[in-house]
Engineer: 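Pasting a structure here, questions to come.
Each chain gets a letter, A, B and so on, in the order the sequences are listed, and its residues count up from 1. Values below: every heavy atom of this structure, side chains too, minus hydrogens, waters and symmetry copies. Just so we're clear, the structure is a prediction, and the values are computed from it rather than from any experiment.
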There are 2 protein chains.
Amino acid sequence: MATVRRPGSYHCGIDAAMDVIGGKWKVLVLWALDERPYRFGELRRALGGVTEKVLAAQLRELEEDGIVHREVYDEVPPRVEYSLTARGASLNEALAPLGAWGRQNVAVVSPPQVPGP
Amino acid sequence: MATVRRPGSYHCGIDAAMDVIGGKWKVLVLWALDERPYRFGELRRALGGVTEKVLAAQLRELEEDGIVHREVYDEVPPRVEYSLTARGASLNEALAPLGAWGRQNVAVVSPPQVPGP
DNA sequence: CAGAATCCAAGTGGATACTG
DNA sequence: CAGTATCCACTTGGATTCTG
């Protein structure tokens with residue numbers, strides 16, 4: 001859902017952006033990939049509790065929107081790595097203030113770690 | 001969906017914030033109220049195409065999350081005004097970079113007007 | 001390992017009608 | 001005017017199973 005997917009159907013930049021990051025796991029994916037590239041299963045474990053189908057779907061959408069890059073290595077066993085594109089990185093930067101707001105205004109519970117977005 | 005509603009169920013500030021602005025019309029409401037207070041029907045017309053039920057539900061959630069303030073005037077005919085709280089205003093500020101990102105990276109179509117969030 | 005396919009559950013949004 | 005009350009449709013996400 002986004003960028004080229006629904007051209008001219010937004011009323012302001014925010015709901016356009018919301019369409020890109022609207023999926024339930026997308027911001028978490030963004031957050032993870034902001035650190036380093038991840039393999040599929042690895043990413044799945046990192047998010048904890050996403051089914052393959054859903055994660056694959058969200059990654060496909062993020063790829064279509066030019067947010068993540070999908071690199072397939074022709075090996076056995078198969079290996080696929082996901083990473084942020086430049087646009088994805090810029091999206092993450094734009095998301096930073098919102099992350100800060102959430103941390104200040106909403107109860108977050110994760111274990112003490114790097115203060116992510 | 002938010003703040004006090006799901007304490008300790010987020011992994012980072014962003015998905016916490018996403019829970020607050022997750023509704024389909026919420027960011028549009030935020031955007032409108034950022035300009036000035038609105039009455040119910042007025043707001044509904046401004047958004048264009050929201051049903052009363054849905055708008056009422058979203059406003060109620062935003063109110064529970066401390067984003068909007070609901071002021072009831074005891075008059076005939078009844079009058080209710082919605083406005084941003086301080087927290088709502090700060091959320092809007094945190095949303096600004098995302099709005100800028102959306103405008104630069106996604107096709108937005110609205111008529112030339114004040115560059116909103 | 002990295003998914004595709006299928007089927008299903010739930011949440012979310014919408015249409016319409018009615019009320020204080 | 002500002003909602004509430006129902007009922008309904010669709011989208012999203014999830015569980016399970018299967019494959020290159």
Engineer: Could you tell me how far apart Phe40(A) (CZ) and dC1(C) (P) are, to the nearest whole angstrom?
Structural biologist: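 Checked: the CZ to P distance equals 12 Å.
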
Engineer: Taking only residues two or more places apart in sequence, or in another chain, which ones meet Thr85(B) in a side chain to side chain donor-acceptor pair (under 3.5 Å)?
Structural biologist: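 By the side chain to side chain donor-acceptor pair (under 3.5 Å) rule, Thr85(B) matches no residue at all.
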
Engineer: Looking only at heavy atoms, which two atoms of Val68(A) and Tyr82(A) are closest? And how far apart?
Structural biologist: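 Heavy atoms only, the tightest pair is CG2-CD2, 4.4 Å.
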
Engineer: Assign Glu81(B) to base, sugar-phosphate, or nothing according to its heavy-atom contacts below 4.0 angstrom with the strands shown.
Structural biologist: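 Result for Glu81(B) = nothing.
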
Engineer: Using a heavy-atom cut-off of 4.0 Å across all strands, would you classify Glu75(B) as base, sugar-phosphate, or nothing?
Structural biologist: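 The residue Glu75(B) makes no contact with any strand.
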
Engineer: Please enumerate all residues that pass salt bridge (charged side-chain N to carboxylate O under 4.0 Å, His left out) together with Glu71(A), with sequence neighbours excluded.
Structural biologist: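 Testing Glu71(A) for salt bridge (charged side-chain N to carboxylate O under 4.0 Å, His left out), a comparison that skips the adjacent residues, returns none.
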
Engineer: Please state whether the phosphate of dC1(C), meaning OP1 or OP2, lies under 4.0 angstrom from any side-chain nitrogen or oxygen of Arg39(A).
Structural biologist: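 The answer is no; no side-chain N or O of Arg39(A) sits under 4.0 Å from OP1 or OP2.
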
Engineer: Does Leu30(A) offer a backbone N or O that forms a donor-acceptor pair with the side chain of Asp34(A) under 3.5 Å?
Structural biologist: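 Checking the backbone N and O of Leu30(A) against the side chain of Asp34(A), no donor-acceptor pair under 3.5 Å is found.
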
Engineer: Distance check: side-chain N/O of Arg60(A) vs OP1/OP2 of dA4(C), anything under 4.0 Å?
Structural biologist: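 True: Arg60(A) side-chain N/O within range (under 4.0 Å) of dA4(C) OP1/OP2.
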
Engineer: dG13(C) P sits how many Å from Met18(A) CE, rounded?
Structural biologist: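 Taking atom P of dG13(C) as the reference, CE of Met18(A) is at 11 Å.
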
Engineer: For the pair made of OH in Tyr38(B) and C1' in dA2(D), what is the distance, rounded to whole Å?
Structural biologist: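 Interatomic distance, OH of Tyr38(B) to C1' of dA2(D): 18 Å.
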
Engineer: Name the nucleic acid region contacted by Arg70(B), choosing base, sugar-phosphate or nothing; use a 4.0 angstrom heavy-atom cut-off, strictly under.
Structural biologist: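 It contacts sugar-phosphate atoms only.
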
Engineer: Rounding to an integer number of Å, can you tell me how far Asp74(A) CG sits from dC1(C) P?
Structural biologist: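 Atom CG in Asp74(A) sits about 18 Å away from atom P in dC1(C).
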
Engineer: Partners of Glu35(B) by salt bridge (charged side-chain N to carboxylate O under 4.0 Å, His left out), sequence neighbours excluded?
Structural biologist: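 Counting only residues at least two positions away or on another chain, Glu35(B) forms no salt bridge (charged side-chain N to carboxylate O under 4.0 Å, His left out).
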
Engineer: Just to verify, what does Arg70(B) make a salt bridge (charged side-chain N to carboxylate O under 4.0 Å, His left out) with, not counting sequence neighbours?
Structural biologist: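 For Arg70(B) there are no salt bridge (charged side-chain N to carboxylate O under 4.0 Å, His left out) partners, ignoring immediate neighbours.
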
Engineer: So which protein nitrogen or oxygen atoms get under 3.5 Å of nucleotides 14-20 of chain C's nitrogens or oxygens?
Structural biologist:
| from | atom 1 | to | atom 2 | distance (Å) |
| --- | --- | --- | --- | --- |
| dG14(C) | OP1 | Lys24(B) | NZ | 3.3 |
| dG14(C) | OP2 | Trp25(B) | NE1 | 3.1 |
| dG14(C) | N7 | Lys53(B) | NZ | 3.3 |
| dG14(C) | O6 | Lys53(B) | NZ | 2.0 |

Engineer: Who are the side chain to side chain donor-acceptor pair (under 3.5 Å) partners of Glu52(B), not counting sequence neighbours?
Structural biologist: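 Scan of Glu52(B) (side chain to side chain donor-acceptor pair (under 3.5 Å), adjacent residues dropped) gives none.
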
Engineer: For the pair made of CZ in Arg44(A) and P in dG13(D), what is the distance, rounded to whole Å?
Structural biologist: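 Roughly 15 Å, once rounded to whole Å.
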
Engineer: Identify which nucleotide among dC1(D), dG13(C), dG3(C) has an atom closest to any side-chain atom of Gln58(B), counting heavy atoms from C-beta outward.
Structural biologist: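 Nucleotide nearest to Gln58(B)'s side chain: dG13(C).
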
Engineer: Tell me whether Glu81(A) is salt-bridged to Arg36(A), with the criterion being a basic N under 4.0 Å from an acidic carboxylate O.
Structural biologist: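 Salt bridge absent between Glu81(A) and Arg36(A).
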
Engineer: Expressed in angstrom and rounded to an integer, what is the separation of Leu59(A) atom CG from dA4(C) atom P?
Structural biologist: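 In whole Å, dA4(C) P lies 11 Å from Leu59(A) CG.
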
Engineer: Could you work out, with side chain to side chain donor-acceptor pair (under 3.5 Å) as the rule, every residue matching Arg45(A), not counting sequence neighbours?
Structural biologist: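 For Arg45(A), no residue satisfies side chain to side chain donor-acceptor pair (under 3.5 Å) once neighbours in sequence are set aside.
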
Engineer: Compute the bend angle of the helix from dC1(C)-dG20(D) to dG20(C)-dC1(D) from the end axes (five pairs per end), rounded to 10°.
Structural biologist: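 Computed from the C1' atoms at both ends, the axes differ by 50°.
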
Engineer: What is the distance, rounded to the nearest whole Å, between atom CG of Leu55(A) and atom P of dA2(C)?
Structural biologist: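 Interatomic distance, CG of Leu55(A) to P of dA2(C): 11 Å.
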
Engineer: Who passes side chain to side chain donor-acceptor pair (under 3.5 Å) against Thr51(A), sequence neighbours left out?
Structural biologist: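 Per chain and number, Thr51(A) pairs via side chain to side chain donor-acceptor pair (under 3.5 Å) with no residue.
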
Engineer: What nucleic acid atoms does Tyr73(A) come within less than 4.0 Å of, heavy atoms only: base, sugar-phosphate, or nothing?
Structural biologist: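 Nothing, no nucleic acid heavy atom in range.
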
Engineer: What is the separation between atom CD on Glu42(B) and atom P on dA2(D), rounded to the nearest whole Å?
Structural biologist: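 Checked: the CD to P distance equals 9 Å.
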
